[in-house]
Amino acid sequence: MTRARHLLIIVVLTTVACTGNAPGGGGVNVGGETTIVEQPTTTTTVAPTTTSPPHFSIQGKVTRDDGTPVARAFVTMGDTLAISGADGWFSFETVEPQTMTVGKPGWSSVEVTWDEATVFYEATINPERIRGIRVSAEAAGDDAKFASLLQLADQTAINAMVFDSKQEGGTVLYDTGVAEAHEIGAVSVIYDPRARIEEAHAHDLYTITRIVTFEDAIRAAARPEEKLVGPWLDPKAETARAYILALAADACEIGFDEIQFDYIRYPSGSTAELTGQLDMTQDERVAVMADFLAAARELLHPMGCAVSADVYGIVVSTLDDQGIGQRPEELSAHIDALSPMVYPSHYSPGWIGFEDPNEHPYDVTADAITDALPRMEVGALLRPYLQAFYWTDEQIRRSIQAAEDNGVGWILWNVRSNYDRAAIPTDAELAP
């Protein structure tokens, strides 16, 4: 797998020589969509001249190879940055045309060599389909165990690893640069993420880190003003959000390719009756989660990291938010990938007609995926977590096959990172 943090595209460029000064910052409207233009962070004073240098108006469109527009793609030329709109179009101006790079976190990237005589450029790159395993903190901290997981990836179709950096309960598992995590006693160093990322990248593996978001007993005790009830933080508390986003930025700076937010929800079950969340409308609950993910995207995309989120498996198959603020339509609009936790052992008897859904790995997995796909925002990828516990190797393979048959990536979940080689297919077995 080619490891990258960017994208897949068709680019159309037109050059128009004109006169005048370089444009100011702000939005440029192209094809009915507003794109963002960032100007250089430094300015240069130039003595007045009678002739202004020509500058070039550059327009283009970013799409996937099937023609689907790619929103929020980064188009850079020198110090100038444009971001494609919802229809894939972008526009900016530059005084000195240079090599153009088009990309998007979590995708591959492409460079376009500038040629003033050419007005049409075309490039097509497809996003890699992630086939991952979750790496527990204990596995990441054990040299022998981690080496065995690298070997497993080498021998199978696995091309990604998901590491925990902040786990359930609020423990931060490495020596983070976020001072507040140390101040509240959240840090317990279990592994060195820089070393593990380097090893994973050496094996051409994509690296994701999972950050447990609003369930945080340590912070709830240290910052009771941010607390809802028990270990749950108020998702609307700005200081709580800032703390989580600081940890996300730190993880991105360390070198993870993608930041994945788990527990991006209000509490469920009887706890929900104590928090006031049920007095909110569904739209209000969902908006809180979507707003947080939008802020995460605005922070992490410019740093080069993709953004993803985990949701309950049930929410992709029901029209409401289950009282917790999770709906695929709204959340997927702000992220690069959505990972519903599709664990058949968690579904109630009678689900889609099965007395014991756990005994039907292919059907239950496929049903969740086909429910989810039409509800995803264009540009976001579906990448379910699949059950890798309570099952035989063959049952795990059946669940994987359901994902493959529906054209989506997947991540295996096992709390102790115990995976049998026989449960995971090879690249050859998954080849079309």
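Of the residues Tyr312, Trp391, Phe389, the one that meets the ring-ring contact (aromatic ring centres under 6.0 Å, His included) test with Tyr343 is Phe389. For the side-chain hydrogen bond (donor to acceptor under 3.5 Å, both in side chains) with Asp336, the qualifying choice from Gln260, Arg297, His301, Arg72 is His301, the only one to do so. The only option from Arg398, Arg129, Arg397 that meets the salt bridge (charged side-chain N to carboxylate O under 4.0 Å, His left out) definition with Glu404 turns out to be Arg129.
Counted by atom type alone, Ser345 and Gln387 present one or more donor-acceptor pairs between their side chains at under 3.5 Å. A side-chain donor from one of His201 and Asp257 sits under 3.5 Å from a side-chain acceptor of the other. Side-chain contact of Asn358 with Gln395: a donor-acceptor pair under 3.5 Å is absent, judged by distance alone.
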(Q) Pair Arg383, Glu258 - check salt bridge (charged side-chain N to carboxylate O under 4.0 Å, His left out), show working. (A) CA-CA 13 Å; Arg383 187 197 299 151; Glu258 179 176 315; 2.7 Å; yes
field: Test side chain to side chain contact (heavy atoms under 4.5 Å, CB included) applied to Leu173 and Val189, step by step
entry: CA-CA 5 Å; Leu173 300 165; Val189 177; over 6 Å; no
Exercise. Starting from the C-alpha separation in whole Å, work towards a yes-or-no answer on side-chain hydrogen bond (donor to acceptor under 3.5 Å, both in side chains) for Thr171 and Ser188.
Key: CA-CA 7 Å; Thr171 300; Ser188 177; over 6 Å; no
### Message
Under the criterion salt bridge (charged side-chain N to carboxylate O under 4.0 Å, His left out), I'd like the reasoning laid out for Asp234 against Arg241: C-alpha separation, chi angles, the key distance, then a yes or no.
### Response
CA-CA 9 Å; Asp234 182 354; Arg241 287 181 170 215; over 6 Å; no
| query | Stepwise, does the side-chain hydrogen bond (donor to acceptor under 3.5 Å, both in side chains) test hold for Tyr174 with Asp164? | reply | CA-CA 10 Å; Tyr174 69 99; Asp164 289 354; over 6 Å; no
- request: Evaluate side chain to side chain contact (heavy atoms under 4.5 Å, CB included) for Val162 paired with Thr209, printing each intermediate quantity in order.
  value: CA-CA 5 Å; Val162 181; Thr209 191; over 6 Å; no
*Any chance you could lay out the side-chain hydrogen bond (donor to acceptor under 3.5 Å, both in side chains) test for Thr392 and Glu394, step after step, and finish with the verdict?*
CA-CA 5 Å; Thr392 65; Glu394 180 57 31; over 6 Å; no
message: Between Glu226 and Arg219, is the salt bridge (charged side-chain N to carboxylate O under 4.0 Å, His left out) condition met? List the steps.
response: CA-CA 8 Å; Glu226 298 174 2; Arg219 188 169 181 86; 2.6 Å; yes
- Could you go through the side chain to side chain contact (heavy atoms under 4.5 Å, CB included) check for Leu149 and Met161 one step at a time? CA-CA 9 Å; Leu149 295 178; Met161 287 182 162; 3.8 Å; yes
Inset, instruction - Decide salt bridge (charged side-chain N to carboxylate O under 4.0 Å, His left out) for Glu168 and Arg210; before the verdict, give the C-alpha distance in whole Å, the side-chain angles of both, and the deciding distance to 0.1 Å. - result: CA-CA 10 Å; Glu168 290 82 351; Arg210 188 178 72 104; 3.1 Å; yes
* Determine, stepwise, if the pair Phe146 / Tyr191 fulfils ring pair (Phe, Tyr, Trp, His ring centres under 6.0 Å). => CA-CA 11 Å; Phe146 189 70; Tyr191 75 103; 8.5 Å; no
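Within the 3.5 Å criterion, the main-chain N or O of Ala139 finds no donor-acceptor partner in the side chain of Ser417. Thr68 places no side-chain N or O within 3.5 Å of a backbone atom of Arg64 that could act as its donor or acceptor partner. The backbone N or O of Asp367 sits less than 3.5 Å from a side-chain atom of Thr370, completing a donor-acceptor pair. Although no hydrogens or angles enter the test, the distance criterion places a donor-acceptor pair under 3.5 Å between the side chain of Glu284 and the main chain of Thr281. Formation of a donor-acceptor pair under 3.5 Å by the Thr271 side chain with backbone atoms of Pro267 is not found in this model. Remark: side-chain polar atoms of Asn414 are paired, donor with acceptor, to backbone N or O of Ala388 under 3.5 angstrom. For the pair Asn406 (side chain) and Ala402 (backbone), a donor-acceptor distance under 3.5 Å is present. In this structure a side-chain-to-backbone donor-acceptor pair under 3.5 Å is missing from Ser399 to Ile396.
Taking CG from Leu381 and CG from Leu373, the interatomic distance works out to 10.5 Å, rounded to the nearest 0.5 Å. Rounding to the nearest 0.5 Å places CG of Leu430 at 9.0 Å from OG1 of Thr156. A distance of 12.0 Å separates CG of Leu386 from CZ of Arg131, quoted to the nearest 0.5 Å. Once rounded to the nearest 0.5 Å, the distance linking OG1 of Thr213 with CE of Met289 reads 9.0 Å. With rounding to the nearest 0.5 Å, the separation of NE2 in His203 from CG in Asn159 is 14.0 Å. Note: Ile211 CD1 to Asp310 CG = 11.5 Å, rounded to the nearest 0.5 Å.
The shortest distance between side-chain heavy atoms of Leu293 and Phe261 falls below 4.5 Å. Between Leu247 and Ser165, every side-chain heavy-atom pair lies at or beyond the 4.5 Å cut-off. In this structure, Pro384 and Ser339 have side chains that are not in contact, with every pair of non-hydrogen atoms separated by 4.5 Å or more. Side-chain atoms of Thr101 and Val110, non-hydrogen and from C-beta on, never get closer than 4.5 Å to each other. Using a 4.5 Å cut-off on side-chain heavy atoms (C-beta onward), Leu278 and Glu273 make contact. Between Trp410 and Val342, every side-chain heavy-atom pair lies at or beyond the 4.5 Å cut-off. Considering only heavy atoms from C-beta on, Lys145 comes within 4.5 Å of Asn418 through its side chain. Contact check for Met100 versus Thr76: no side-chain heavy atoms found under the 4.5 Å cut-off.
For Phe292 and Phe214, the distance between ring centers is under 6.0 angstrom.
The neighbour count for Glu225 CD, taken as heavy atoms of other residues, nucleotides or ligands under 6.0 Å away, is above 12. Open room surrounds OH on Tyr390; 12 or fewer heavy atoms of other groups in view lie less than 6.0 Å from it. No more than 12 heavy atoms of other residues, nucleotides or ligands sit less than 6.0 Å from atom CZ of Arg416. Other residues, nucleotides and ligands place more than 12 heavy atoms under 6.0 Å from the CD atom of Glu329.
Here Asp216 pairs with Lys166 in a salt bridge; the nearest charged N to carboxylate O distance falls below 4.0 Å. A salt bridge links Asp321 with Arg285; the closest basic N to acidic carboxylate O contact falls under 4.0 Å. With respect to the salt-bridge test (charged N to carboxylate O, under 4.0 angstrom), the residues Arg223 and Glu180 qualify.
Relative orientation of the Tyr347 and Trp351 rings is tilted, given thresholds of 30° and 60° on the angle between their planes. Taking the six-membered ring where the residue is Trp, Phe256 and Phe163 present tilted rings, their angle falling between 30° and 60°.
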